[in-house]
J.: 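Below are the structure tokens for one structure; questions will follow.
Residue numbers begin at 1 in each chain, while the letters A, B, ... track the order of the sequences. Worth knowing before you read on, the calculation uses all heavy atoms, side chains too, and leaves out hydrogens, waters and symmetry mates.
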2 protein chains.
Amino acid sequence: MDTNLNAVPDVVILRLPLYIRALNVLLNEQKDVVSSRQLGSFLQMEPAQIRKDLSYFGRFGKQGRGYNVEFLVNELGQILGLDRKWLTCLVGMGRLGQAIINYPGFAPEGFDIVAAFDSDTRQIGTDVGGIKVLPMLSIGPTIEKRKVAIAIVAVPAQQAQSVVDQLIHAGIKGILNYAPVALKVPTDIVMRNIDPVVSLQSLTFYLLRNQQR
Amino acid sequence: MDTNLNAVPDVVILRLPLYIRALNVLLNEQKDVVSSRQLGSFLQMEPAQIRKDLSYFGRFGKQGRGYNVEFLVNELGQILGLDRKWLTCLVGMGRLGQAIINYPGFAPEGFDIVAAFDSDTRQIGTDVGGIKVLPMLSIGPTIEKRKVAIAIVAVPAQQAQSVVDQLIHAGIKGILNYAPVALKVPTDIVMRNIDPVVSLQSLTFYLLRNQQR
DNA sequence: CGATGTGAAGCAATTCACAGCT
DNA sequence: AGCTGTGAATTGCTTCACATCG
């Protein structure tokens, strides 16, 4: 075993947060040890895949017993960098932006929204969820001064590319994009897209196929 | 070429909506023909992958020329079942539910939200975005009577599994889940999860890895 | 025994490369 | 000449199966 992080397949990284979610549920249920078989039945996946995934990073289990839940959740958190705070900003304070900034799920996981931006002059200066809304022109200086690493983009599709360009120019390295467009970013920038319509549009294929039969 | 829809890999189905998005942009730009190379550079992917993906469904292109944009977007829409309306309901009318029901992106793509449910007695009976909020007990009768096929779940994590069980019992076949939990559904139910925290938690891995070097 | 960790095997997806059409 | 459609080659991922250990 080698633990070369560059050799870990992307799909494996995408699954780690799901393992963490499941392990936290088990922790709440006072379970202190779990086997790959139990975790697999919980997440509806093959035990072998879980063991192989974990083996990219180390030997976390005990033969004949399984994995210590608390230990494993901490190890995985460390691998993903969840053992520290990530300064985050939000661009776009429309209805979606409002919902995002008021969503209580980010902070407990270490994603602290420390700045918010909008182009609407009526929004600028108002206080939303304890954060003052700044004008778009403040994006650069704010990100640089506060060393914000992640941006959440919740602007209309038309503005998204220009906003993302500004963010990257200011030093942002990770982007969570809610705008329904395919954005272009340099290879060293990590982006995730959240687009409910795209999700539904592949879902319907299976609905169609399942219904005729 | 055979066009057996059961033989199409899931990853291919997941990419079709992205092609549609891109093609619609090109349509707006009055482009009437596009090559796999152009589309690939637009979407940052390999031309061969696009051609192979499309070849699962038919021969849509012309050699030496490329693909007719309007024709291809219509074909793909038909394959995914986007050429008709999908009756959709929304469960959970908190901040997230409000944002979802007011999001103007669903209806133009054929996803009509025709019913909304909540457990909060103060919400029930109110009118949100032209739709009256019904109590949870109405889920079954409403879905059955109106033949709703898709449900969007925007309730707290704790209630999500029970809500999903009710929806499936009432005949829902597709679920777009916003609750941050791993839900269990039968194999004939199609589910998509939207969880921004999970998205961020894999993003951070690459931020960590890129910064040390 | 019971369960991990892991090479090897098997399967799936991507990319190559080129015949064939326009 | 340019570009599609597609077998073949390649690359990547998942699952098997078992040595090994508690």
Side-chain angles (χ1 to χ4, degrees), chain A residues 1-16 18-19 22-23 26 31-73 75-76 79 187 202 205, chain B residues 1-16 18-19 22-23 26 31-73 75-76 79 202 205-206:
Chain A
M1 216 274 314
D2 211 322
T3 318
N4 171 11
L5 294 186
N6 292 297
V8 183
D10 291 348
V11 275
V12 173
I13 303 300
L14 291 173
R15 283 193 291 263
L16 297 189
L18 307 178
Y19 298 155
L23 292 167
L26 296 173
K31 211 158 173 9
D32 56 347
V33 174
V34 70
S35 68
S36 62
R37 173 207 284 251
Q38 294 170 311
L39 199 52
S41 95
F42 192 89
L43 288 169
Q44 322 237 60
M45 56 190 292
E46 289 297 324
Q49 181 162 75
I50 295 173
R51 295 201 301 277
K52 173 70 79 170
D53 282 1
L54 298 179
S55 78
Y56 282 104
F57 305 99
R59 304 162 60 122
F60 303 126
K62 284 211 191 354
Q63 284 161 327
R65 240 174 105 60
Y67 302 89
N68 179 290
V69 178
E70 191 174 1
F71 173 73
L72 185 56
V73 82
E75 287 291 314
L76 296 182
I79 291 163
T187 49
S202 62
F205 173 82
Chain B
M1 217 274 315
D2 210 321
T3 316
N4 171 10
L5 295 185
N6 292 297
V8 184
D10 291 349
V11 275
V12 172
I13 303 299
L14 291 173
R15 281 192 292 263
L16 297 190
L18 307 178
Y19 298 154
L23 292 167
L26 296 172
K31 212 159 173 5
D32 57 347
V33 175
V34 70
S35 68
S36 61
R37 174 207 283 253
Q38 293 170 310
L39 198 52
S41 96
F42 192 88
L43 288 169
Q44 323 237 60
M45 57 190 291
E46 289 296 324
Q49 181 161 76
I50 295 173
R51 295 201 302 276
K52 174 69 82 170
D53 282 0
L54 299 179
S55 77
Y56 283 104
F57 305 99
R59 303 162 60 120
F60 303 127
K62 285 213 188 357
Q63 286 158 326
R65 243 176 101 59
Y67 302 88
N68 179 291
V69 178
E70 192 174 0
F71 173 73
L72 185 56
V73 82
E75 288 291 315
L76 296 183
I79 290 162
S202 62
F205 174 83
Y206 297 99

J.: Please give, in whole Å, the distance from D:dG12 C1' to A:I13 CD1?
T.: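 Computing the A:I13:CD1 to D:dG12:C1' distance gives 15 Å.
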
J.: Output one line per pair: protein atom, nucleotide atom from nucleotides 20-22 of chain D, and distance, for all N/O pairs under 3.5 Å.
T.:
from, atom 1, to, atom 2, distance (Å)
D:dT20, O2, A:Q63, NE2, 2.8
D:dC21, O4', A:Q63, OE1, 2.5
D:dC21, O2, A:Q63, OE1, 3.4
D:dG22, O4', A:Q63, O, 3.4

J.: Does A:Y67 put a side-chain nitrogen or oxygen below 4.0 Å from OP1 or OP2 of C:dG5?
T.: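 Indeed, a polar side-chain atom of A:Y67 lies that close.
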
J.: What integer distance in Å separates B:L72:CG from D:dT4:P?
T.: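 Those two atoms, CG and P, are 11 Å apart.
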
J.: Below the 4.0 Å mark, does C:dT4 have OP1 or OP2 next to a side-chain nitrogen or oxygen of A:S36?
T.: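 Answer yes for this pair, as a side-chain N or O of A:S36 is under 4.0 Å from OP1 or OP2.
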
J.: Just checking, any donor-acceptor pair under 3.5 angstrom between side chains of A:D53 and A:Y19?
T.: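 Yes, a side-chain donor-acceptor pair sits under 3.5 Å.
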
J.: What is the separation between atom CG on A:L54 and atom P on C:dT4, rounded to the nearest whole Å?
T.: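 Going from A:L54 (CG) to C:dT4 (P), I get 9 Å.
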
J.: Starting at the 5' end of nucleotides 9-14 of chain C, put B wherever the base has a protein heavy atom under 4.0 Å, S where only the sugar-phosphate does, and a dash everywhere else.
T.: ----SS

J.: Report yes if the side chains of B:V33 and B:V69 come closer than 4.5 Å at any heavy-atom pair, otherwise no.
T.: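 A side-chain contact is absent here, since even the closest heavy-atom pair is not under 4.5 Å.
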
J.: Are A:N68 and A:F60 side-chain neighbours, meaning at least one heavy-atom pair lies under 4.5 Å?
T.: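 A side-chain contact is absent here, since even the closest heavy-atom pair is not under 4.5 Å.
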
J.: Quick one: are B:F205 and A:L5 in side-chain contact, heavy atoms under 4.5 Å?
T.: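 Yes - at least one pair of side-chain heavy atoms lies under 4.5 Å apart.
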
J.: Quick one: A:R37 CZ to C:dT4 P, roughly how many Å, whole number?
T.: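 Going from A:R37 (CZ) to C:dT4 (P), I get 9 Å.
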
J.: Could you tell me how far apart A:Q38 (CD) and C:dT4 (C1') are, to the nearest whole angstrom?
T.: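 Taking atom C1' of C:dT4 as the reference, CD of A:Q38 is at 14 Å.
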
J.: Is any side-chain heavy atom of B:L54 closer than 4.5 Å to one of B:Y67?
T.: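 With C-beta onward as the side chain, the pair touches.
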
J.: Using whole Å, report how far CE of A:M45 lies from C1' of D:dC16.
T.: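 Interatomic distance, CE of A:M45 to C1' of D:dC16: 16 Å.
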
J.: What is the distance, rounded to the nearest whole Å, between atom CZ of B:F57 and atom P of D:dT4?
T.: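 Roughly 17 Å, once rounded to whole Å.
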
J.: Got B:I50 and B:M45 here, is their nearest side-chain heavy-atom distance under 4.5 Å?
T.: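 With C-beta onward as the side chain, the pair touches.
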
J.: Do B:I13 and B:I79 come within less than 4.5 Å of each other through their side chains, counting heavy atoms only?
T.: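 B:I13 does not reach B:I79 side chain to side chain.
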
J.: Provide, to the nearest angstrom, the distance between the CD1 atom belonging to B:I50 and the P atom belonging to C:dT15.
T.: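 Distance check: B:I50 CD1 to C:dT15 P gives 11 Å.
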
J.: Less than 4.5 Å apart, any side-chain heavy atom of B:Q38 and any of B:F42?
T.: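 Sidechains of B:F42 and B:Q38: no contact.
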
J.: Less than 4.5 Å apart, any side-chain heavy atom of B:S36 and any of B:L39?
T.: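 No; the side chains remain at least 4.5 Å from each other.
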
